[in-house]
Amino acid sequence: MHIKELNLKNFRNYENLHIEFDSHINILYGDNAQGKTNILEALFMSATTKSHRGGKDKEMIRFTEDDCHIKTIVSKDDILRKIDMHLKRHSKKGIAIDGLNIRRSSELFGLLNIIFFSPEDLSIIKQGPDKRRRFLDIELCQLDKIYLTYLAKYNKILFQAVHPIHQARYA
């Protein structure tokens, strides 16, 4: 599997960006605050539907714009797959794979596997085990959809145990 192309429109500091990646090694370099991490963030979003920084989708949209697009073309098992994500300032995001809208973000997992480690992730070492668990869960969910299903069930049960008032709704 490798990323063939990335197209950004109104994403973070990019009005328009088109990158074609080599199938071997790619190096992003440049001065600070020029958008290298924004490219990596767009790729991470293409794999997980979320930013590694946390934050809201509308924070990814370039100032003065109402929406943005992230289009990623991936080659997996010699098949080209197109991931298209449309973020809107005043409504929820839309995601399509090969032109077909998906309903759940879990449908995207496994298509593009990315491990993203940034300086912000030093908290997984410095802080408690919950940060490390979250980091590992994100990576494992990309590899195994069954893990994602069981993790969602586990979190629902955990939430009910911690918030017993909600148990009556689910009983």
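These numbers were taken from a predicted model, which means no experiment stands behind them. Index from 1, following the sequence.
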Quick one: list whatever passes side-chain contact (heavy atoms from CB on, under 4.5 Å) with Lys131, sequence neighbours left out. Ser123, Ile124, Gln127
Return the set of residues passing side-chain contact (heavy atoms from CB on, under 4.5 Å) with Arg134 (not counting sequence neighbours), or none when no residue passes. Ile138
Side chains of [X] and [Y], heavy atoms from C-beta outward: is any pair under 4.5 Å?
X	Y	result
Leu43	Phe21	yes
Phe135	Ile115	yes
Leu17	Phe11	no
Leu111	Ile83	yes
Ile79	Arg81	yes
Ser106	Lys145	no
Leu151	Cys141	yes
Asn155	Ile157	no

In one Ile/Leu/Val/Met/Phe/Trp/Tyr side-chain cluster, 4.5 Å: [X], [Y]:
X	Y	result
Ile25	Tyr29	yes
Ile97	Met1	yes
Ile39	Ile61	yes
Leu8	Ile19	yes
Ile114	Ile102	yes

Considering non-hydrogen atoms only, spot the tightest contact between [X] and [Y] and give its length.
X	Y	result
Leu80	Lys4	CD2-CD, 3.4 Å
Arg132	Ile125	NH1-O, 3.8 Å
Ile70	Ser46	CG2-OG, 3.5 Å
Tyr147	Arg133	OH-NH2, 2.6 Å

Determine whether His69 and Asn10 satisfy the following criterion, side-chain contact (heavy atoms from CB on, under 4.5 Å), listing intermediate values before the conclusion. CA-CA 7 Å; His69 280 93; Asn10 296 323; over 6 Å; no
Before you tell me yes or no, could you show the steps for Met45 and Thr49 under side-chain contact (heavy atoms from CB on, under 4.5 Å), namely the whole-Å CA-CA distance, both residues' side-chain angles and the distance that decides it to 0.1 Å? CA-CA 4 Å; Met45 287 189 70; Thr49 75; over 6 Å; no
Checking [X] side chain against [Y] main chain: does a donor-acceptor pair fall under 3.5 Å?
X	Y	result
Glu139	Leu136	no
Asn16	Lys9	no
Glu65	Phe63	no

Sequence neighbours excluded, the answer for side chain to side chain donor-acceptor pair (under 3.5 Å) partners of Arg53 is Asn38, Glu41
By ring pair (Phe, Tyr, Trp, His ring centres under 6.0 Å), Phe116 pairs with (sequence neighbours left out) Phe44, His52
Holding to ring pair (Phe, Tyr, Trp, His ring centres under 6.0 Å), I want the full list of residues that pass it with His18, two or more places apart in sequence or in another chain. none
More than 12 heavy atoms of other residues, nucleotides or ligands under 6.0 Å from CD1 of Ile146: is that the case? no
Which value, rounded to the nearest 0.5 Å, describes the distance between Arg103 atom CZ and Ile95 atom CD1? 14.0 Å
Sort and list the pairs that fulfil side-chain hydrogen bond (donor to acceptor under 3.5 Å, both in side chains) and have at least one residue in residues 83-96, not counting sequence neighbours. Asp57-Lys93, Asp67-His86
Before you tell me yes or no, could you show the steps for Met60 and Ser51 under side-chain contact (heavy atoms from CB on, under 4.5 Å), namely the whole-Å CA-CA distance, both residues' side-chain angles and the distance that decides it to 0.1 Å? CA-CA 9 Å; Met60 268 64 77; Ser51 167; 3.8 Å; yes
